[in-house]
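Numbering of residues begins at 1 and proceeds along the displayed sequence.
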Amino acid sequence: MKNNTQAQSSSSFVTFCRKLSPKRKDSSAETQGNMNGDEDKNRDLEAVFAYMDANRDGRISPHELQKSFMTLGEQLSDEEAEAAVRLSDTDGDGMLDFQEFAQLIKGDDEEEKKVKLKEAFRMYIAEGEECITPRSLKMMLKKLGESRTTDDCRVMIRAFDLNADGVLSFDEFALMMR
């Protein structure tokens, strides 16, 4: 598990990369019209990587990472820069090659999705509970303007309740949201 400094620097790192990369809309019409979505994302990553690789040696050092942040008016301490590099440095050379850089970005996106999913899950659980119960689901649906009976909520939960315990755990909720 990442320590707090690594999590903060990784999050800042992804924010920084998004500033360098052009914004893209992910609409289904655009996806259908552009079958090269992954190629475009890869090109964006390559452009960000090339920008950060100041000496053009094909690797990003902690110092290059720090300088890149400073260019955009962001501060990154020596410790934070080293932690961000260490996070994805699979070959142990103290630098990020393109594959390690790409994995760092993709890994953080997955982590960000999981955090948002946990926030959504917490909205549906009652105080003191650890799972979504029929009662807590009914209360949240009512807040959202949709009145349902407790029995209706039991039926909804049953559709995704893999272990048949009558409630939704986070893992069951995550599967439901896919």
Verify the cluster assignment for Met177 and Leu141: are they in a single hydrophobic cluster under the rule of side-chain heavy atoms below 4.5 Å apart? yes

With the 4.5 Å side-chain cut-off for hydrophobic clustering, are Leu87 and Val48 part of the same group? yes

Gln103 (side chain) donor-acceptor with Ser88 (main chain) under 3.5 angstrom: no

With a 4.5 Å heavy-atom cut-off, do Tyr51 and Thr71 have their side chains touching? yes

Please collect all salt bridge (Lys or Arg N to Asp or Glu O under 4.0 Å) contacts where either partner lies in residues 158-168, sequence neighbours excluded, each pair once. none

If you take all heavy atoms of Gly166 and Pro134, which pair is closest and at what distance? O-CD, 3.6 Å

Within this structure, what is the CZ-OG distance for the pair Phe121 and Ser169, rounded to the nearest 0.5 Å? 6.5 Å

Taking the side chain as every heavy atom from C-beta outward, state whether Leu45 and Phe101 have any atom pair closer than 4.5 Å. yes

Please identify which of these residues, Asp89, Asp93, Asp97, Asp53, meets the side-chain hydrogen bond (donor to acceptor under 3.5 Å, both in side chains) condition with Arg59. Asp93

If hydrophobic clusters are built by linking Ile, Leu, Val, Met, Phe, Trp and Tyr wherever their side-chain heavy atoms come under 4.5 Å apart, do Leu65 and Phe49 end up in the same one? yes

Any chain of hydrophobic side-chain contacts (each under 4.5 Å) joining Met140 to Met156? yes

Does any non-hydrogen side-chain atom of Asp57 lie less than 4.5 Å from one of Met95? yes

Main-chain N/O of Tyr124 paired to Ser136 side chain as donor or acceptor, under 3.5 Å: yes

Residue of the set Arg135, Arg148, Met139 for which side chain to side chain contact (heavy atoms under 4.5 Å, CB included) holds with Cys153: Arg148

Quick one: list whatever passes side chain to side chain donor-acceptor pair (under 3.5 Å) with Glu82, sequence neighbours left out. none

Checking side chain to side chain contact (heavy atoms under 4.5 Å, CB included) between Phe173 and each of Ile125, Ile132, Ile157, which is the one that passes? Ile132

According to a 4.5 Å side-chain heavy-atom criterion applied to Ile, Leu, Val, Met, Phe, Trp and Tyr, with indirect links allowed, do Met176 and Leu117 form part of one hydrophobic cluster? yes

Is the closest side-chain heavy-atom distance between Glu119 and Met123 below 4.5 Å? no

Which of Asp151, Asp152, Thr150 passes side-chain hydrogen bond (donor to acceptor under 3.5 Å, both in side chains) with Arg154? It is Asp151

Can you measure from CD (Gln66) to OG (Ser61) and round to the nearest 0.5 angstrom? 9.0 Å

